[in-house]
**Student:** 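So that we are looking at the same thing, I have put the structure below in structure tokens.
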Amino acid sequence: MYEVLEDFAQQNDLRETSPGLKLFIGVSSILLCVSSPGPVAPLLVAATMSAAVLALAKIPARFYARLLLIPVSFAVMSIAVVLFVTGSGAVLLEIPGLPLAITAGGANLALLLLARVFGGMCSLYFIALTTPMTEIFDILRKLRVPAVFIDLSMLTYRFIFILIEEAGQIYRSQVMRLGYGRFRESVRSFGMLAGALFIRTWESGESLMLAMDARCYDGRLGIPSDSRPVSALALAAALLYLSAVFGVSLSTGGLVLV
Amino acid sequence: MHIMEGFLPSPWWEIWFLVSLPFIVIGLYQLNKLVQEKREALPLLAVAGAFVFVLSSLKLPSFNGSCSHPTGTGLGGVLFGPCIAAVLGLIVLIFQAVFLAHGGLTTLGANVFSMGIAGPAVAYLIYKAGTRAGANTYATVFCAAALADLFTYVVTSIQLALAFPGTAGFLGAFSAFAAIFAVTQVPLAIVEGAVIMLVFKYIVQLKPEILTRLDLLSESTIQKLREAAA
């Protein structure tokens with residue numbers, strides 16, 4: 001699953017668009033979602049970002065739908081609290097026997113939060129599915145993020161894929177030997193998995209060190225970057241889109257559900 | 001316990017970025033110094049970061065069937081100290097947001113504070129206190145990892161309650177958030193403590209030189225632990 005997200009980032013139809021522009025659109029839409037006072041603008045962002053992901057980048061719809069389900073559990077739990085804790089306005093629903101009630105104020109806030117989360121998640125997926133991590137590192141370097149931080153993230157990134165592979169192998173062989181049959185066994189097996197993984201990781205880190213030393217590593221990873229110029233038309237379209245969303249967010253600020 | 005993208009409203013997500021910033025700056029400074037002194041530190045830190053990421057992307061067995069993920073923050077805090085763990089936490093959280101849709105970019109500051117700073121700091125302090133008091137090493141590791149997890153979730157509840165006090169006020173909202181997350185987080189903390197304890201045990205049995213090199217355990221303690229296991 002994790003490899004798949006990055007696989008799509010490497011070969012979607014927006015791959016050749018300037019990574020700076022994609023990152024700019026994604027991050028600005030997130031900021032617009034978070035600062036929007038009403039739920040309409042975030043929902044608009046969610047719809048347009050999903051359209052961009054599906055139609056422009058050509059990500060399969062089924063896969064995208066599955067991705068959208070990931071954050072649901074946290075959303076449901078936290079929004080339930082907000083729904084009951086915020087009490088202002090008319091009471092819409094009372095739970096018999098418990099001092100809990102859903103009020104208009106709570107419902108509006110919950111709706112707004114749901115819209116913001118939805119819009120933010122879609123924008124995040126837009127970045128994740130169209131821009132490979134390696135290009136994001138490149139942008140970070142241009143933004144003068146400390147080199148040691150970027151080197152550390154790049155090495156971490158490299159190792160994630162190796163380790164996921166190994167963890168998967170260990171996990172599958174444990175499952176085949178009924179390692180997760182009962183609760184006690186599953187805790188034991190998981191501890192074994194994590195311990196074996198940690199030791200293997202450490203060993204591969206040590207061999208990486210040797211390999212890098214053999215290639216004259218001097219504390220700096222030099223990686224050439226290729227720059228793809230942003231076309232004026234694309235930039236103009238992006239700015240137009242963002243200002244349209246901003247306009248919607250301003251004009252619908254007063255809109256409430258009840 | 002990640003807060004999702006878009007959940008924290010405007011002053012709060014900026015405030016948590018500002019709160020986390022000094023820890024990250026100190027962490028980067030320490031990291032720079034460490035890398036200049038010992039070049040081998042960088043690859044080893046990188047694999048540790050990747051390990052935390054992979055661990056958190058696996059499902060942990062849980063009592064109530066809900067899907068929970070270990071945070072691995074306790075281990076990072078014990079191994080590298082809280083400030084470097086904060087930098088590792090930041091990197092892992094960025095990858096989690098971009099690859100797994102756990103957490104988000106605007107909520108990064110709040111998440112870094114709860115999982116990258118508060119959790120590891122608690123783990124580190126408990127581990128130091130435990131070893132100084134001469135307590136059983138495995139029990140200390142269990143407490144450090146489990147309490148780091150619990151504290152992370154308490155901090156998340158505080159962050160949410162501050163942002164959404166509602167009419168119940170901060171305390172009322174805090175207890176509501178804490179109660180609803182406790183359903184998944186309390187069992188998770190116990191399981192994670194047990195898992196990290198087992199990890200520690202495997203390291204002691206198979207590759208104790210990792211622990212001596214990080215100055216976590218002395219040769220004599222490891223000798224004693226291995227004898228006890230044999």
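Just so it is clear: chains get the letters A, B, ... in the order the sequence lines come, proteins before strands, and each one is counted from 1.
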**Student:** For chain A, find which of B:L28, B:L198, B:I91 contributes the most heavy-atom pairs closer than 4.5 angstrom.
**Tutor:**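 Greatest number of close heavy-atom pairs with chain A: B:I91.
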**Student:** Heavy-atom pairs under 4.5 Å with chain B are the metric here; pick the option from A:W202, A:F118, A:F159 that has the most.
**Tutor:**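 Most heavy-atom pairs within the cutoff with chain B belong to A:W202.
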**Student:** Under 4.5 Å heavy-atom distance to chain B, tell me which part of A:L163 shows up: side chain, backbone, both or neither.
**Tutor:** both
**Student:** Please give me the minimum heavy-atom distance between B:I3 and B:T107, naming the atom from each residue.
**Tutor:** O-OG1, 3.0 Å
**Student:** Side chains of A:Y171 and A:V175: does their closest heavy-atom pair fall under 4.5 Å?
**Tutor:** yes
**Student:** Between A:L210, A:L208, A:L124, who has the most heavy-atom pairs with chain B when the cutoff is under 4.5 Å?
**Tutor:** A:L124
**Student:** Please determine, among A:E166, A:M192, A:R188, the option with the most heavy-atom pairs under 4.5 Å with chain B.
**Tutor:**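 Sorted descending by pairs with chain B, the first entry is A:M192.
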**Student:** At a 4.5 Å cut-off on heavy atoms, which part of B:F95 comes close to chain A: side chain, backbone, both, or neither?
**Tutor:** side chain
**Student:** I want to check something: taking the side chain as every heavy atom from C-beta on, are A:V145 and A:R141 in contact at a cut-off of under 4.5 Å?
**Tutor:**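 Side chain of A:V145 against side chain of A:R141, heavy atoms only: no contact under 4.5 Å found.
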**Student:** Once you measure the plane-to-plane angle for A:Y125 and A:Y64, does it fall in the parallel (<30°), tilted (30-60°) or perpendicular (>60°) bin?
**Tutor:** perpendicular
**Student:** Is the shortest side-chain heavy-atom distance between A:F198 and B:Y202 below 4.5 Å?
**Tutor:**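 A side-chain contact under 4.5 Å is absent here.
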**Student:** Could you tell me which portion of A:E206 (side chain, backbone, both or neither) has an atom closer than 4.5 angstrom to a non-hydrogen atom of chain B?
**Tutor:**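 Looking at A:E206, backbone and side chain both touch chain B.
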**Student:** Side chain from CB out, backbone as N, CA, C, O: work out which of these in B:L8 comes under 4.5 Å of a heavy atom of chain A, or both, or neither.
**Tutor:** backbone
**Student:** Please state whether the side chain, the backbone, both or neither of B:L79 comes within less than 4.5 Å of a heavy atom of chain A.
**Tutor:**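 Answer is side chain: those atoms of B:L79 sit under 4.5 Å from chain A.
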**Student:** Would a 4.5 Å heavy-atom cut-off, applied to side chains only, mark B:L31 and A:F149 as touching?
**Tutor:** no
**Student:** If we count only N and O atoms by modelled type, under 3.5 Å, do the side chains of A:Y180 and A:E185 hold a donor and an acceptor together?
**Tutor:**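 Checked: A:Y180/A:E185 side chains show no N/O donor-acceptor pair below 3.5 Å.
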**Student:** Using non-hydrogen atoms only, which part of A:M133 is less than 4.5 Å away from chain B: side chain, backbone, both, or neither?
**Tutor:** side chain
**Student:** Determine the interplanar angle of the A:F137 and A:Y157 rings, folded into 0 to 90°, and report it as parallel if under 30°, tilted if 30 to 60°, perpendicular if over 60°.
**Tutor:**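 Ring orientation, 0 to 90° scale: perpendicular.
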**Student:** Given heavy-atom pairs under 4.5 angstrom as the criterion, report whether the side chain, backbone, both or neither of A:I127 touches chain B.
**Tutor:**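 When you check distances to chain B, only side chain atoms of A:I127 fall under 4.5 Å.
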**Student:** Give the member of A:A194, A:S204, A:G205 that has the highest number of heavy-atom pairs under 4.5 Å with chain B.
**Tutor:**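 The answer is A:A194.
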